[in-house]
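Keep in mind that this is a model prediction, so the values were computed, not measured. Along the sequence shown, residues are numbered consecutively beginning with 1.
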Amino acid sequence: MMKKMALLTGILISCTISAQMEYKTYQNGLIYSEKTMHQLEKIVDSLNLKYKACDLSKIFYSQLQTKGHSVVMKSGEILSAKKDMDMGISLEQFIKKYPDAMVRKDILLVKTKSQDYNHKDITRIREISLDENMGIRIETNYKKNRYNKPVRDRWAYYYRDKTGYSDEYIEAFYFPENFKTIPLDAKYSRQIIYSDCVIDTSDSKFKKGAKEGRLSEGIPENWRNLPKDEKENLLDSLRSVVLVGFCSEDEGPRNQGIYMALLSAETSNWSVFLKSHLDIMNDHFERASDNGYAREQRQTYIKELEKLNINVPDLIFGISLRMENPVENHYYGDIYRLGRAISESKDLKLFLTQLLSMIADEKLDDYNRVLAYFFYTNCNYYIKDKRDQKINNEKLVEAIEKLPKYLSEKIVPETL
């Protein structure tokens, strides 16, 4: 039997081993060889030409959002409160009748269509918290004819009856206004279009019907010398199984990601390659649990993208903006993980400048402005120079002052 490829410092199935390094690097300092990078550059050149022919006038819209209030009750007449919510009691009347309820006013709420762990369509309404509160979220079965219905002066809640494991409680949102969506400025839409073009949304990383499981074996040590059709078969088998990590240090999912990136690069399958690399950069893998110390060990590999002829800032912003009408297979980046990545970017100043502009942009929706704030602060956290961090924070304070008051007043000064 052929030996498995010693690609990583450790192929981790155990949850008790930690690695100091992740992937083998070549003489070019990258995790992809000079030959592989050259092949990728040719593909990128053609994609850049394709982008020039795209319809750059397409408009994207912000995700549905509103300013609302939250209520949490863990004691008292909870069932009575639930009935009053069903009857449409006003918030002012509710507060008078249930003075012990925990009420938080003027919070940013975002509504999205999503899927639960069973891949069932749901409607999710969640608070975007800017202070030390964790925020709550409420999920209901998705119904197309109800998703965009007016909600002004209405309630949405999650009620849990008392059981042997938990006490009775209710969490609720009250909506003084309807959810709304606004068009994104053309400069943001163009970044989304660029990301969709470069990533190639015509296909997904995994094959349709791929099942969760484990790989029976890795890829052969001599995989580079295999004929192209055998490489394609190996890639096809990897795309048929979705690995789920047992714990924080089970590196199986990330190993699968780098295998797929390497094989897709060798076989000129750009769509699978870039999604695989972005998953590594975003640490976009499923795990049963994931501790902070393990996340810190995982690198972002943004420089591999910067060595290609890609407009990396437009790509990153294109996958960071949130919208209501994405194309099928649009790739969403993780704001916190991307913040760490751009702290290592050669275009760091450009990134920080646009993020400050987005935070202060009164024409941009509140949710994307808040995401830009999170993006900026997380990036600054990873900047090593303390003087630069301080200067960046001073600039951030000025941008925050331009946020709507209900958002800016909730930002804890100690975090700046």
Side-chain angles (χ1 to χ4, degrees), residues 63-179 212 244-248 286-292 322 334 336 367 370 374 406-407 410 412:
Q63 287 193 329
L64 288 167
Q65 56 199 275
T66 190
K67 181 170 67 173
H69 316 297
S70 72
V71 171
V72 177
M73 288 184 69
K74 296 184 178 180
S75 62
E77 300 179 60
I78 298 176
L79 189 57
S80 173
K82 173 179 173 293
K83 292 178 181 178
D84 280 336
M85 290 178 185
D86 287 333
M87 295 297 293
I89 187 173
S90 70
L91 182 69
E92 290 72 21
Q93 291 174 322
F94 184 92
I95 293 173
K96 289 179 181 178
K97 188 171 182 179
Y98 304 99
D100 294 332
M102 294 177 284
V103 179
R104 299 182 65 242
K105 291 187 175 183
D106 297 335
I107 56 177
L108 176 60
L109 303 177
V110 175
K111 180 194 286 190
T112 55
K113 177 187 174 184
S114 188
Q115 289 190 329
D116 61 15
Y117 290 110
N118 297 316
H119 304 291
K120 183 179 179 181
D121 288 341
I122 58 172
T123 295
R124 176 179 293 143
I125 303 174
R126 60 194 177 100
E127 172 188 355
I128 309 302
S129 180
L130 279 161
D131 53 26
E132 296 176 343
N133 289 280
M134 292 298 292
I136 63 175
R137 69 180 186 184
I138 295 172
E139 298 175 353
T140 58
N141 293 332
Y142 172 77
K143 294 182 180 179
K144 186 176 181 179
N145 62 340
R146 295 183 59 184
Y147 184 69
N148 289 306
K149 286 190 69 173
V151 296
R152 183 173 180 174
D153 297 329
R154 296 185 181 181
W155 296 83
Y157 62 78
Y158 174 76
Y159 170 78
R160 186 179 181 91
D161 201 354
K162 185 175 182 179
T163 67
Y165 302 98
S166 66
D167 293 328
E168 180 187 29
Y169 70 92
I170 191 168
E171 297 177 335
F173 291 130
Y174 180 79
F175 312 113
E177 299 291 340
N178 291 319
F179 283 89
E212 292 183 1
V244 178
F246 290 130
C247 65
S248 299
E286 292 188 50
R287 299 181 180 90
S289 64
D290 199 21
N291 293 320
R322 294 325 193 233
D334 181 281
Y336 298 94
Y367 182 39
V370 168
F374 288 140
Y406 85 98
L407 296 175
K410 291 183 175 63
V412 182

Any non-hydrogen side-chain atom of Q65 less than 4.5 Å from a side-chain atom of I128? no

Cationic tip of K113 within the cone over Y147's six-membered ring, i.e. under 6.0 Å and within 45° of the normal? no

With heavy-atom distances below 4.5 Å as the criterion, would you say the side chains of Y159 and E168 are in contact? yes

Any donor-acceptor N/O pair, S114 side chain to I122 backbone, under 3.5 Å: no

Side-chain donor or acceptor of N178 paired with backbone N/O of V151 under 3.5 Å: yes

With heavy-atom distances below 4.5 Å as the criterion, would you say the side chains of I95 and K105 are in contact? yes

Side chains of K67 and L108 in contact at under 4.5 Å (non-hydrogen atoms): no

Check the pair Q115 / D121 against side-chain contact (heavy atoms from CB on, under 4.5 Å), numbers first and verdict last. CA-CA 5 Å; Q115 289 190 329; D121 288 341; 3.3 Å; yes

Classify the ring geometry of F94 against W155: parallel below 30°, tilted from 30° to 60°, perpendicular beyond 60°. tilted

Heavy-atom side-chain contact between L64 and N148 under 4.5 Å: yes

Can you confirm whether K120 sits close enough to N141 that some side-chain heavy atom of one is under 4.5 Å from a side-chain heavy atom of the other? yes

Any chance you could measure I138, atom CD1, to K111, atom NZ, to the nearest 0.5 Å? 11.5 Å

Value rounded to 0.5 Å, distance of CD1 in I125 from CZ in R137: 12.5 Å

Any side-chain heavy-atom pair of Y158 and T140 under 4.5 Å: no

Any donor and acceptor pair, going by atom type alone, linking the side chain of K410 with main-chain N or O of I107 inside 3.5 Å? no

For a quick test of your reading: what N or O donor-acceptor pairs under 3.5 Å do the side chains of residues 71-84 make, sequence neighbours left out?
{"from": "S80", "atom 1": "OG", "to": "Y98", "atom 2": "OH", "distance (Å)": "2.8"}
{"from": "D84", "atom 1": "OD2", "to": "K97", "atom 2": "NZ", "distance (Å)": "2.8"}
{"from": "D84", "atom 1": "OD2", "to": "Y98", "atom 2": "OH", "distance (Å)": "2.6"}

With distance as the sole criterion, is a donor-acceptor pair present between the side chains of S129 and D131 under 3.5 Å? yes

Do F173 and T66 come within less than 4.5 Å of each other through their side chains, counting heavy atoms only? no

